[in-house]
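What follows is a set of notes on a single structure, which appears directly below.
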Amino acid sequence: MQAIILAAGMGRRLGEWTKNQTKCMVPVNGVRLIDRVLGQLSKLSLHRVIIVVGYQGKALRDYIGHRYDDLLKIEYAENPIYDKTNNIYSLSLVKEQLQEDDTLLIESDLILSDRLFSMLMENPYPDLALVAKYETWMDGTMVRIDADNNIVNFISKDAFDYNDVASYYKTVNIYKFSKQFLKEKYVPFLDAYTKAVGLNEYYENVLRIISLLSGHELKALPIGHEKWYEIDDKQDLDIAEALFADEQDVLRKYYGRYGGFWRFPQMLDYCYLVNPYFPSQRMKDELRANFDTLLTEYPSGMKVNTLIASKCFGVSEPYIVPGNGAAELIKILMEESQGKIGFVRPTFEEYPNRYDKSQQVTFVPQNDDFRYTADDLMAFFADKDIRQLMVINPDNPSGNFIPKSDVQRLAQWCEERNIRLVVDESFVDFSRDYATNSLLNDHLLESYPHMIVMKSISKSYGVPGLRLGILASADKELIARIKKEVSIWNLNSFAEFFMQIYNKYEKDYQRACAKFVEERECFEQQLRTIPFLRVMPTEANYFLCEVLPPYRASEIVIRMLKQHNILTRDCSEKPGLPAGKQYMRIAVRNHEDNCRLVEGLKQIHA
């Protein structure tokens, strides 16, 4: 068995990373792609490795030098017209060597699990392509396979159809070919194809023709959940560094993304906090049916979007302002705030992070579950000179909840002291009395004109990609000032349309909230069976859990990510949580996902 690595390309899409080096010289987490693949190949029984070089070929050869002499016999072939040809020509340069032995064919811009080469070698079929189920990030050669894993068709870019992606597999660009197949089929077809079509083509086109003419010559080996990535541009490099980060760095790589986890479609995200049961399928179908219009037309300005938000959430227009996510409104509100502000910790850090630390007065509940009441807040802040009081209700990450009647008492207390009360109720629709717990109505806002209600629509409505939030208050001057601070087109058309059609689906939303409460109770019972977790009560869509000795939260989070592809949140360093103790925050997803998470946690303890 021999291996041929195609490494002649220029990798222009990687920009400065390939200005002076070829793609396989690009490091991922400090290890160059070429070193990673040669290290993996050195563990196989290969009689030689042939590297086809082109762009910056001398630099690559000099870099490899003799470092692998004790492990691999490395030979080179040169593509002198790498800038005018594609990989079919690079492969044709070694067509004689192809016919001399069984061959692994490898493209050099790949990073992959160590397990994949052994899977390929151990499989009894002589002619085999590694394939992965299609995911949105994938580009290039697609195939269809039958029930026996025969490749029945190679899908060209022109023939690619998004309606058929459920049946597509992406080639990992690693193949195992027998000497017989290469000598009798592939090389003869390669010669004929290059003479007829030219050199600026791809070697997969030859495989496509063989599959059409010769039937089941080539088998597919689906790789399942094994990790791999093809690095064509800077974003690919960034994702690959997260996928293949070591244990010391993996959490920073993922947490630092602040979302965008749809780029890791096999991963279960238990960090970000959204409703698993809304929007309903019918609402998504209506959004999808209007996609072309929403994509190509301008959204409305603030005046119209305020009207739509007023209709959607039942608050008068002078009392409400819609934002590009709650984050936009939080930034403006905190910049507009003055004097000392009272905070509760642990809490959602976006508010205190936006304010001068010297002007913060902090209350920390003195109990193991971080419970507190409206009376606790009034008692603590009674003698504090604060101009504003921040309450997240339910709080994040503790899940503590102050009943609506008590929030009203707190609001009255603040009115009497000329204190602005800001209540962030982004998670209130997850509470047991979700239908009546919101403060978003004119009567309540007018009763407490010093009160501001903030709500992120991402959370309970399950649409974080729309970036939509609202701020409401009977302080019309404040609302007017905030509206002047946002851009005229601060909402996109999709967010505007969501608000426009929401009321048609309000009953679906109520059913989704009820279903969520049932699932949270079931999930809580499951989590309480994990002996190393102390699960705290919650009225939100997450649980704060103390991780008991001898386990550490970071250890649990890393093992869940590495072994089960489930991302959870280590909260141990969050301000307000006691030093020396370990905490995780675990979101609530649907029943199937929650069972998968619990099963993974049980395996850690087994």
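These values consider heavy atoms only, across backbone and side chains, with no hydrogens, waters or symmetry-generated copies.
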Checklist line | Those residues that, when tested against F313, pass ring pair (Phe, Tyr, Trp, His ring centres under 6.0 Å) (two or more places apart) | finding: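 Checked F313 against ring pair (Phe, Tyr, Trp, His ring centres under 6.0 Å); zero matches.
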For [X], does the [atom1] atom have more than 12 heavy-atom neighbours from other residues, nucleotides or ligands under 6.0 Å away?
| X | atom1 | answer |
| --- | --- | --- |
| E573 | CD | no |
| R282 | CZ | no |
| K515 | NZ | no |

N/O donor-acceptor pair under 3.5 Å between [X] side chain and [Y] backbone:
| X | Y | value |
| --- | --- | --- |
| D369 | R371 | no |
| N590 | P276 | no |
| K133 | A166 | yes |
| N305 | S300 | yes |
| D246 | D249 | yes |

Check: Does NZ or CZ of R585 fall inside the cone over F543's six-membered ring, less than 6.0 Å from its centre and within 45° of the axis?
Finding: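 No, R585 and F543 do not form such a contact.
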Next item on the list: Decide whether a cation-pi geometry holds between K384 and F380; the criteria are a distance under 6.0 Å from NZ or CZ to the six-membered ring centre and an angle within 45° of the ring axis.
Entry: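 Yes - K384 lies over the ring of F380, closer than 6.0 Å to its centre and within 45° of its axis.
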Checklist line | D368: which of K581, M536, E546 passes side chain to side chain contact (heavy atoms under 4.5 Å, CB included) | finding: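 Going through the options one by one, the only one that passes is K581.
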Check: Listed by chain and number, what are the salt bridge (Lys or Arg N to Asp or Glu O under 4.0 Å) partners of E241, not counting sequence neighbours?
Finding: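 Result, salt bridge (Lys or Arg N to Asp or Glu O under 4.0 Å) vs E241: K253.
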Check: Who are the salt bridge (Lys or Arg N to Asp or Glu O under 4.0 Å) partners of E518, not counting sequence neighbours?
Finding: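 In terms of salt bridge (Lys or Arg N to Asp or Glu O under 4.0 Å), with neighbours along the sequence ignored, E518 is linked to no residue.
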Note to self: With side chain to side chain donor-acceptor pair (under 3.5 Å) as the criterion, how do Y355 and E335 come out once you've worked through the C-alpha distance, each side chain's angles and the decisive distance to 0.1 Å?
What the structure shows: CA-CA 7 Å; Y355 206 67; E335 289 174 349; over 6 Å; no
Note to self: Which heavy atom of Q526 sits nearest to which heavy atom of C595, and what is that distance?
What the structure shows: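 For Q526 versus C595, the nearest heavy atoms are NE2-SG, 3.5 Å.
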Do [Y] and [X] meet the salt-bridge criterion of a basic N to acidic O distance under 4.0 Å?
| X | Y | answer |
| --- | --- | --- |
| R409 | D406 | yes |
| K340 | D385 | no |
| D429 | K455 | yes |
| E592 | R596 | no |

Margin query: Just to verify, what does D238 make a side-chain contact (heavy atoms from CB on, under 4.5 Å) with, not counting sequence neighbours?
Written below: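 Only R257 meet the side-chain contact (heavy atoms from CB on, under 4.5 Å) criterion with D238.
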Item checked: Pairs satisfying side chain to side chain donor-acceptor pair (under 3.5 Å), at least one member in residues 479-491, at least two apart ->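 Residue pairs passing side chain to side chain donor-acceptor pair (under 3.5 Å), neighbours aside: E328-N490, E336-R481.
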Note to self: Looking only at the aromatic ring of each residue, does the gap between the centers of F516 and F430 stay below 6.0 angstrom?
What the structure shows: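 Yes, they do, as the ring centres are separated by less than 6.0 Å.
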Notebook entry, point to check: How many angstroms lie between atom CG of L468 and atom CG of N324, to the nearest 0.5 angstrom?
Noted result: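 It comes to 8.5 Å.
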Item checked: Residue pairs, two or more places apart or on separate chains, that pass salt bridge (Lys or Arg N to Asp or Glu O under 4.0 Å) and touch residues 351-361 ->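 Of all non-adjacent pairs touching residues 351-361, those that pass salt bridge (Lys or Arg N to Asp or Glu O under 4.0 Å) are E350-R354.
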